[in-house]
Amino acid sequence: MTRQPGQPCPIEPSDPVQDIAHLGNIELLTPRIDLTTAYFRDLLGMEVVHAAGPSVFLRGYGDYAASTLKLTAAPRPGIGCISWRTTSPAALDRRVNAIEAAGRAGRWIDPECGRGPSFRFRDPDGHVMAIYYEEAPYRAPEHLRSTLKNLPMRYTGRGVNVRRIDHVALLSRDVAADRRFMEEVLGFRLREQVRFDRGAVEIGSWLSPSILHHQVAYVVDTRRVGGRLHHIALWVDNREDVLRAADICSEHGVFIEAGPAKHNNSQGFYLYAYEPGGNRIELYTGSFLVLAPDWRPVIWDEAERGTGVYWGGALPESFLSYATPDAAAAAPVDAARVPVFDPS
Ligand SMILES: [Fe+2]
């Protein structure tokens, strides 16, 4: 049927949901809040903007929001609340309704550090997530004001100099269930997927609400713990910054688990290091954007996937077995696996 001029454009049932704009904030739990804060501030070059109760709030120099990373003191390392900004207030209402219609209980959380009220819920595996719309743009204090009008904060050039948060990678006892929830309830698009046993078993799925290649990944939790973190990823401007990060980590005794090297899926250039609380941190750049609205997910089998490395050193066994909280560790943190970073 042809639409007449002046008639509203009908929403087709097949139109994609585009209610989630992007990853807005990551909360990381750490048993060593002072060392973890020093790691992100002094080594990775993020800016501390606020502290309240057990939490410290930070930002990358290119983030438009006041804070994109929240560190919270906790008995064990792991992931706290993962917050997604919606595209509008109406989009927030629609997604809240969709979450409740999907049978997932949620509750509203008070505003925090520039963000308005958020609706908090859990994904099927138990990871805590929230959606919100209101976000006050960051206003840099005088000493952090950039001479560049479109840069929210001065390029400090400190340490690794993280520009912005990029994505989270989560473990899941049922990757398909989490992937379907993100697709069907929140409107994420599937970018790439790994399926083993001739496609019968979904091992990993990479999804995004925006043109960024992925902002959340779910990979199978072989220990079936639930709600665990594989890593958070922070974006740097170029590959040279990843190489500099390797130098900086080495000079400060920070354990480098893998990289610098290049992934096959996402084509990302990476370095994986542990922060002092025990969480795995990826310093990341180079992955491709997905502009095509009719993108067809790329499916890898075990032979095509290989180790997940396009070139560079192989990923170690710990990359497959270690996550936070660590299911194998009886103590809150296995100190032998996490070299202490001395901020001095
Ligand atoms: Fe990653």
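Order of listing sets the numbers, starting from 1, for every ligand and every atom in it.
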Could you check whether any side-chain heavy atom of V162 comes within less than 4.5 Å of a side-chain heavy atom of F40, counting everything from C-beta outward? no
Report the name of the N/O/S atom of H231 located nearest to the Fe ion (ligand 1). NE2
Could you tell me which N, O or S atom of E282 is nearest to the Fe ion (ligand 1)? OE1
Ring pair (Phe, Tyr, Trp, His ring centres under 6.0 Å) test vs H22 passes for just one of Y132, Y64, W84, namely Y64
Return yes when at least one N/O/S atom of H167 is nearer than 2.8 Å to the Fe ion (ligand 1), and no when none is. yes
Would Q215 and S208 count as having a side-chain donor-acceptor pair, cut-off 3.5 Å? no
Over 60° means perpendicular and under 30° means parallel, so classify the ring planes of F121 and F181, tilted if in between. tilted
